[in-house]
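Per chain, numbering begins at 1; letters A, B, ... match sequence-line order. This is a predicted model, so every value here is computed, not measured.
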Amino acid sequence: MTRKILTTPIKDEDLAGLNIGDVIYLTGHLVTCRDVAHRRLIELKRELPVDIRGGAIFHAGPIVRKKADGKFEMVSIGPTTSMRMEKFEKQFIKETGVKLIVGKGGMGPETVEGCMEYKAVHAIFPGGCAVLAATQVEEIERAEWQDLGMPETLWVNRVKEFGPLIISIDTKGNNLIEQNKAVFNEKKKPVVEKIKSQVRFIK
Amino acid sequence: MNKDEAILSLTDTMAKFTVYIGKRLPNDVKDKLAELRTMETNPLAKAVYTSMAENQDAADKLDRPSCQDTGVIQYFISAGARFPLLGELEEVLRNATLEATRMGPLRHNAVETFDEKNTGTNTGSRIPWLDWEIVPDDDGATIDVYMAGGGCTLPGSAKVLMPGEGYEGVTDFVFDVITSRGVNACPPLLVGVGVSTSVETAARLSKRAILREVGSHNANPNAALMEKLLEEGLNEVGIGPQGLTGASSVMGVNIEASARHPSTIGVAVSTGCWAHRRGKIRFKADLSYEIISHKGAVL
Ligand code: SF4
């Protein structure tokens with residue numbers, strides 16, 4: 001099977017054919033961007049120090065090491081819970097022109113709207129696979145807003161075939177994890193009833 | 001060894017062990033993940049299991065923390081009343097955490113509450129968190145170290161039920177927590193359930209439950225039955241790795257319990273993620289040690 005690879009800068013056409021459940025890989029630039037960076041842009045109206053139009057962000061707080069030559073080395077980088085950024089993401093997509101948002105777990109209806117209106121997708125990188133991800137980072141090219149500390153700094157990574165990235169929100173309004181959650185809730189009911197009938201230990 | 005040397009030696013061993021468990025999963029977890037991987041049929045879930053295995057190999061080879069979130073460091077101590085360094089252990093484990101943070105390197109995960117500043121050392125007020133059990137008439141010490149990551153800590157919940165709600169209410173509680181909040185905790189999860197008298201006793205037991213081995217059973221037959229029913233039931237829901245649906249949801253369900261007030265049922269759930277980084281080490285009085293959780297580990 002040949003890998004489907006997205007390359008930054010990403011164009012709207014690149015995303016049109018993507019559907020939830022598709023697996024893709026990313027080559028180009030991937031910038032870490034999480035809670036405080038979102039808050040600074042949206043609530044504090046500060047401009048992001050990195051231009052991510054057509055770009056990709058990663059909800060992640062990595063472990064980075066400074067090497068002897070002063071350059072940064074990516075030690076371990078994995079996704080954090082994307083839902084924490086739900087409050088800001090629609091506006092964030094609108095203002096920055098970001099095309100790919102990578103994280104963990106699903107996001108909510110506002111992000112789905114943002115992805116539809118401004119053409120962007122959300123993808124899941126397997127949580128906890130942080131060394132695998134680090135080995136796909138070729139170089140940390142820049143580090144912005146370092147005052148935020150290691151996890152929140154905007155690390156500008158050049159990546160090669162970064163993935164697997166599982167599309168969880170596409171540009172057509174579909175939301176994989178929300179669909180799955182609905183399935184889980186449906187399946188849960190009869191299972192719970194069955195167990196309850198067997199745990200009547202108080203008689 | 002004089003006392004100062006003994007303190008240094010114990011600190012060094014615990015620092016190295018803390019770093020070690022952040023890079024390699026314990027045998028029980030590793031075996032269970034391998035088993036769940038072979039049972040999986042959903043292609044997306046299989047892809048995730050493949051990434052997980054590749055990640056653990058890379059972490060081992062490159063000698064790096066396998067997940068970037070190395071958590072808040074917690075030690076669960078079961079110390080003999082006559083363990084020679086009983087009074088020094090708190091200081092030893094604090095220094096071990098400091099040293100492990102440098103050596104790991106571990107991510108800086110201790111934010112001082114109310115001041116809202118990251119200490120940058122993984123130590124802070126009451127952190128590393130210590131949980132004590134004193135064993136009478138013993139001179140050794142067994143220490144469980146656990147990295148409490150953010151994602152796997154978030155689902156944690158506790159509640160006091162009325163007895164009328166019974167174990168049926170406990171079942172509802174466990175399912176509600178796992179299906180609503182488990183998806184973001186990097187499943188397949190190890191689910192710990194505390195059944196007890198109040199929130200704090202249940203919560204502590206639920207955490208102790210995830211320190212117990214995957215595949216072990218509660219000694220009480222009814223509790224063991226409930227472990228099995230909850231495990232099978234949650235797997236039937238089919239959350240799959242990362243919530244992408246699949247053949248399983250959990251690595252297991254462990255229940256720990258205590259007696260309760262006749263008018264209350266305290267219940268709590270703690271979750272361990274697939275990258276369930278914990279380790280068990282047993283020291284003798286002379287500080288020679290045996291690593292229980294990771295066979296053949298060399299520090
Ligand atoms: S839940 Fe566990 S595996 Fe997932 S990111 Fe957090 S610590 Fe890592």
Side-chain angles (χ1 to χ4, degrees), chain A residues 21-23 60-65 74-84 103-106 124-135 149-152 163-164 166 168 176-177 179-181 183-203, chain B residues 43-44 47-48 50-52 54-56 58-59 62 64-70 104-109 118 120 149-151 154 163-164 166-168 170-172 175-176 179-180 183-186 222 225-226 229-230 232-234 236-245 249 273-275:
Chain A
D22 287 353
V23 178
I63 301 175
V64 176
R65 182 158 44 202
M74 190 55 78
V75 176
S76 198
I77 179 169
T80 192
T81 304
S82 289
M83 198 52 106
R84 292 204 313 271
K104 182 176 98 173
I124 293 170
F125 182 87
C129 297
V131 183
L132 178 68
T135 60
M150 194 196 284
E152 297 267 358
I166 298 148
S168 70
L176 180 65
I177 294 292
Q179 289 183 11
N180 289 352
K181 277 191 178 168
V183 173
F184 302 150
N185 278 327
E186 260 327 291
K187 281 193 172 172
K188 171 172 109 174
K189 286 176 203 152
V191 170
V192 168
E193 288 316 311
K194 200 172 74 192
I195 295 174
K196 281 183 178 178
S197 67
Q198 295 175 77
V199 294
R200 302 212 171 98
F201 302 134
I202 303 178
K203 289 181 181 128
Chain B
L44 280 185
V48 174
T50 304
S51 293
M52 283 154 60
E54 285 173 3
N55 186 68
Q56 292 316 115
L62 298 171
R64 292 183 186 178
S66 66
C67 176
Q68 80 290 340
D69 186 354
T70 46
L106 307 183
R107 203 173 76 181
H108 302 160
N109 274 339
N118 193 321
L154 269 170
Y167 293 81
E168 299 90 319
V170 171
T171 306
D172 272 329
F175 270 78
D176 286 347
T179 55
S180 64
V183 171
N184 285 333
C186 288
N222 281 343
L225 170 69
M226 190 148 181
L229 292 172
L230 290 174
E232 288 171 359
L234 286 168
E236 246 178 89
V237 174
I239 294 173
Q242 301 298 319
L244 294 166
T245 72
S249 310
C273 51
W274 74 264

Quick check on [X] against chain A: is it the side chain, the backbone, both or neither that has a heavy atom closer than 4.5 Å?
X: Ala59(B); value: both
X: Leu244(B); value: both
X: Asn109(B); value: neither
X: Asn118(B); value: neither
X: Leu229(B); value: both
X: Ser180(B); value: backbone

(request) Indicate yes or no for a side-chain donor-acceptor contact from Arg64(B) to the backbone of Ala134(A) under 3.5 Å, with no hydrogens or angles considered. (result)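 No.
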(message) Could you check whether any side-chain N or O of Lys188(A) sits under 3.5 Å from a backbone N or O of Val237(B), counting only pairs where one atom can act as donor and the other as acceptor?
(response)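 Flag not set: sc Lys188(A) to bb Val237(B) has no pair under 3.5 Å.
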(request) Mind listing the closest non-hydrogen atom pair of Trp274(B) and Cys129(A) along with its distance? (result)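 It is CZ2-SG, 4.0 Å.
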(request) Search all heavy atoms of Pro163(B) against all heavy atoms of Ile202(A) and return the closest pair with its distance. (result)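 Nearest heavy atoms, Pro163(B) then Ile202(A): O-CD1, 3.6 Å.
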Quick one: of [options], who has the most non-hydrogen atom pairs under 4.5 Å with chain B?
options: Leu132(A), Ile166(A), Thr81(A); answer: Leu132(A)
options: Gly105(A), Gly61(A), Pro190(A), Pro151(A); answer: Gly61(A)
options: Ile195(A), Ile77(A), Asn185(A); answer: Ile195(A)

Part of [X] within contact of chain B (heavy atom distance under 4.5 Å):
X: Arg65(A); answer: side chain
X: Val75(A); answer: both
X: Ile177(A); answer: side chain
X: Lys104(A); answer: both

(message) Measuring from atom CZ of Arg107(B) to atom CE of Met150(A), what distance do you get when rounded to the nearest 0.5 angstrom?
(response)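 Answer for the CZ-CE pair, Arg107(B) versus Met150(A), is 9.5 Å.
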(message) As an exercise, state the distance from OG1 of Thr179(B) to CD of Glu186(A), rounded to the nearest 0.5 Å.
(response)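 CD of Glu186(A) is found 11.5 Å from OG1 of Thr179(B).
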(request) Name the option with the most non-hydrogen atom pairs under 4.5 Å to chain A; the candidates are Ala47(B), Pro105(B), Gly150(B). (result)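 Most heavy-atom pairs under 4.5 Å with chain A: Pro105(B).
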(request) Verify side chain to side chain contact (heavy atoms under 4.5 Å, CB included) between Ile124(A) and Val48(B), making sure each step is shown before the conclusion. (result) CA-CA 10 Å; Ile124(A) 293 170; Val48(B) 174; over 6 Å; no
(request) Report the C-alpha separation of Lys196(A) and Asp172(B) in whole Å, then their side-chain angles, then the decisive distance to 0.1 Å, and conclude whether the side chain to side chain contact (heavy atoms under 4.5 Å, CB included) test is met. (result) CA-CA 8 Å; Lys196(A) 281 183 178 178; Asp172(B) 272 329; 2.7 Å; yes
(request) Name all residues meeting the side-chain contact (heavy atoms from CB on, under 4.5 Å) criterion together with Cys67(B); count only those two or more places apart in sequence or in a different chain, and write none if there are none. (result)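 For Cys67(B), the residues satisfying side-chain contact (heavy atoms from CB on, under 4.5 Å) (neighbours in sequence not counted) are Asp69(B), Arg277(B).
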(request) List in chain and number order the residues that pass side-chain contact (heavy atoms from CB on, under 4.5 Å) with Glu236(B), two or more places apart in sequence or in another chain; answer none if no residue qualifies. (result)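 For Glu236(B), the residues satisfying side-chain contact (heavy atoms from CB on, under 4.5 Å) (neighbours in sequence not counted) are Val191(A), Lys194(A).
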(request) Mind running side chain to side chain contact (heavy atoms under 4.5 Å, CB included) on Val199(A) and Thr171(B) for me, showing each step along the way? (result) CA-CA 9 Å; Val199(A) 294; Thr171(B) 306; 3.7 Å; yes
(message) In the structure I gave you, are the side-chain heavy atoms of Thr135(A) and Leu62(B) within less than 4.5 Å of one another anywhere?
(response)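 Sidechains of Leu62(B) and Thr135(A): in contact.
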(message) Within the 4.5 Å heavy-atom criterion, are Pro164(A) and Ser51(B) side-chain neighbours or not?
(response)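 SC-SC contact between Pro164(A) and Ser51(B) confirmed.
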